[in-house]
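In this text the structure is predicted, and so the values were computed from the model without any measurement. When reading the values below, keep in mind they use all heavy atoms of this one structure, side chains included, and skip hydrogens, waters and symmetry mates.
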Amino acid sequence: MFIKQQKQPDGSLILFPQLEHKYSLIWMHGLGDSANGFLSMFQKYSIVKPETKILLLQAPNRRVTINNGHFSSSWFDIKVLEPDIEKNQELDYFKTTVSIEEIEQSKIMINQYLNEEVVKVQAKNVFIGGFSQGCCMALEVGLSYSQTLGGIIGLSGDLFPTTQLHQIQDKTPLLIIHGKDDQVVPCDFLSRSLERLKIPNRVNYEHIILSNLEHEVNQQVVQLMIQFFQKYQI
């Protein structure tokens, strides 16, 4: 399906399609993982159309407070292991649980890749997604982007209360999948953070909670992703 792989200076991995490039998918891994973490999934399963270029981005290596300050690949520092579900929607409290500065730094990096792909194939053909921390960043970047994207996928993460929701993304296809048994990002925590998305104008939005799913990607999640791309890569 992919004619070649190309590693970038920042560690990101680009998979070039065998067919003429028509779509792009930007994907972000979770805390402590790498750009290679989802490589086998995209190689094994035909999740996207064969005209799709996949950009597996690599998070910077940073100190992570909840990991005793040890260095790890991380899109942003997490300072509190189990933040208060209700208080986390209060901006002052939220800013004590993560590094806002590092979120902004990562956003700049992701937007650079996103902007390049928009120039090549148009915003309507660019998709963005991620898992866990990568999900948070996909929602942060995707929902605030100034041009209508092809679609946004978020797996096992949550929506920052600081994320600016651009009205132009109200009709962008949005798929959020979470496990009912997720102990890392509890289902109730995610649901509380998504309340801001419940507006009449937001169409093509699905929030799916899967029973017997922990903080992981299983076959059922893969199938839902395949269905999403079959529907919206048109």
Side-chain angles (χ1 to χ4, degrees), residues 1-30 33-59 75 106-107 109-132 134-135 137-157 168-169 171-177 203-206 208 216-234:
M1 183 176 179
F2 301 104
I3 193 168
K4 70 173 182 176
Q5 302 175 19
Q6 186 180 84
K7 192 169 185 178
Q8 303 302 296
D10 63 8
S12 297
L13 187 64
I14 298 178
L15 310 180
F16 292 91
Q18 291 181 347
L19 300 183
E20 184 178 356
H21 179 203
K22 182 178 179 181
Y23 307 99
S24 293
L25 168 61
I26 296 173
W27 189 264
M28 278 80 69
H29 61 76
D33 203 353
S34 72
N36 289 294
F38 282 86
L39 176 60
S40 61
M41 182 184 78
F42 286 109
Q43 288 178 324
K44 182 177 181 180
Y45 302 103
S46 298
I47 294 175
V48 294
K49 284 191 174 182
E51 302 95 334
T52 308
K53 173 184 176 182
I54 298 180
L55 299 88
L56 303 173
L57 303 193
Q58 174 65 51
W75 295 108
S106 291
K107 185 176 181 178
M109 169 201 167
I110 297 166
N111 266 319
Q112 288 175 340
Y113 278 101
L114 179 56
N115 290 335
E116 289 176 5
E117 296 310 305
V118 166
V119 170
K120 293 172 183 174
V121 296
Q122 302 181 49
K124 66 179 183 178
N125 293 320
V126 179
F127 295 74
I128 189 169
F131 173 78
S132 195
C135 166
M137 293 308 305
L139 297 178
E140 167 70 23
V141 174
L143 291 171
S144 65
Y145 199 64
S146 60
Q147 298 182 56
T148 304
L149 297 172
I152 303 169
I153 292 183
L155 309 179
S156 303
I168 202 169
Q169 302 301 339
K171 296 182 180 180
T172 298
L174 172 60
L175 174 63
I176 296 178
I177 305 173
V203 295
N204 304 321
Y205 167 42
E206 277 193 284
I208 300 174
E216 59 187 332
V217 176
N218 64 7
Q219 185 68 37
Q220 194 173 1
V221 174
V222 171
Q223 288 304 314
L224 288 169
M225 291 176 65
I226 291 173
Q227 292 170 18
F228 179 85
F229 285 107
Q230 286 178 339
K231 184 175 182 179
Y232 294 114
Q233 283 191 316
I234 54 178

Query raised in the report: Are any of the side-chain heavy atoms of Thr52 and Phe127 separated by less than 4.5 Å?
Result: no
**Report entry** Flag side-chain contact, heavy atom, 4.5 Å: Tyr113 against Asp10
**Finding:** yes
Query raised in the report: Quick one: CD on Gln169 to OG on Ser146, what's the gap to the nearest 0.5 Å?
Result: 8.0 Å
Query raised in the report: Of Thr172, Asn115, Asn111, which is the lone residue that meets side chain to side chain donor-acceptor pair (under 3.5 Å) with Tyr145?
Result: Asn115
Report task. Evaluate the ring planes of Trp75 and His29, with Trp represented by its six-membered ring, and classify them as parallel (under 30°), tilted (30 to 60°) or perpendicular (over 60°). Result -> tilted
Query raised in the report: Any chance CD of Gln6 has more than 12 other-residue heavy atoms, nucleotides or ligands included, within less than 6.0 Å?
Result: yes
Requested in this report: Look at the rings of Phe131 and Phe38 and say which category their plane angle falls in: under 30° parallel, 30 to 60° tilted, over 60° perpendicular.
Outcome: tilted
Report task. Please report the C-alpha distance between Ile110 and Glu140 in whole Å, then the side-chain angles of each, then the deciding distance to 0.1 Å, and finally whether the side chain to side chain contact (heavy atoms under 4.5 Å, CB included) criterion is met. Result -> CA-CA 10 Å; Ile110 297 166; Glu140 167 70 23; over 6 Å; no
Requested in this report: Could you please spell out the steps behind the side chain to side chain contact (heavy atoms under 4.5 Å, CB included) verdict for Ile208 and Leu175?
Outcome: CA-CA 8 Å; Ile208 300 174; Leu175 174 63; 3.8 Å; yes
Requested in this report: Apply side chain to side chain contact (heavy atoms under 4.5 Å, CB included) to Gln147 and Val126, showing your working.
Outcome: CA-CA 10 Å; Gln147 298 182 56; Val126 179; over 6 Å; no
**Report entry** Interatomic distance, Leu55 atom CG to Leu114 atom CG [nearest 0.5 angstrom]
**Finding:** 9.5 Å
Requested in this report: Please name the pair of heavy atoms, one in Val121 and one in Lys22, separated by the smallest distance, quoted to 0.1 Å.
Outcome: CB-O, 3.4 Å
Query raised in the report: Between Ser12 and Met109, which heavy-atom pair has the shortest distance, and what is it?
Result: OG-CE, 3.9 Å
Report task. Identify the two heavy atoms, one from Lys49 and one from Gln233, that lie closest to each other, and give their separation to 0.1 Å. Result -> NZ-O, 2.6 Å
Report task. Using atom types as modelled and distance alone, determine if a side-chain donor or acceptor of Tyr23 lies under 3.5 Å from a backbone N or O of Ile234. Result -> yes
Query raised in the report: Could you go step by step and tell me if Leu139 and Ile176 meet the side chain to side chain contact (heavy atoms under 4.5 Å, CB included) rule?
Result: CA-CA 10 Å; Leu139 297 178; Ile176 296 178; 4.3 Å; yes
Report summary line: Between Phe2 and Leu15, the two heavy atoms sitting closest are CD2-CB, 3.6 Å
Query raised in the report: Can you tell me if NZ on Lys7 sees more than 12 non-hydrogen neighbours from other groups inside 6.0 Å?
Result: no
Query raised in the report: NZ of Lys53 to CG of Asn125: how many Å apart, nearest 0.5 Å?
Result: 13.0 Å
Report task. Verify the neighbour count for atom NZ of Lys107: are there more than 12 heavy atoms of other residues, nucleotides or ligands below 6.0 Å? Result -> yes
**Report entry** pair Met225-Leu155: side-chain heavy atoms closer than 4.5 Å
**Finding:** yes
Query raised in the report: Looking at Ile47 and Phe229, what are the two nearest heavy atoms and their distance?
Result: O-CB, 3.4 Å
Report summary line: Separation between CD1 (Ile128) and CG (Leu174), nearest 0.5 Å, reads 12.0 Å
Report task. Count the heavy atoms of every other residue, nucleotide or ligand shown that sit under 6.0 Å from CD of Glu206, and state whether that count exceeds 12. Result -> no
Requested in this report: Please round to the nearest 0.5 Å and tell me the distance separating atom CG of Leu149 and atom CG of Leu143.
Outcome: 9.0 Å
Report summary line: Heavy atoms of Leu13 and Ala35 approach each other most closely as N-CB, 4.0 Å
Query raised in the report: Can you tell me how far the CD atom of Gln223 sits from the CD atom of Gln230, to the nearest 0.5 Å?
Result: 8.5 Å
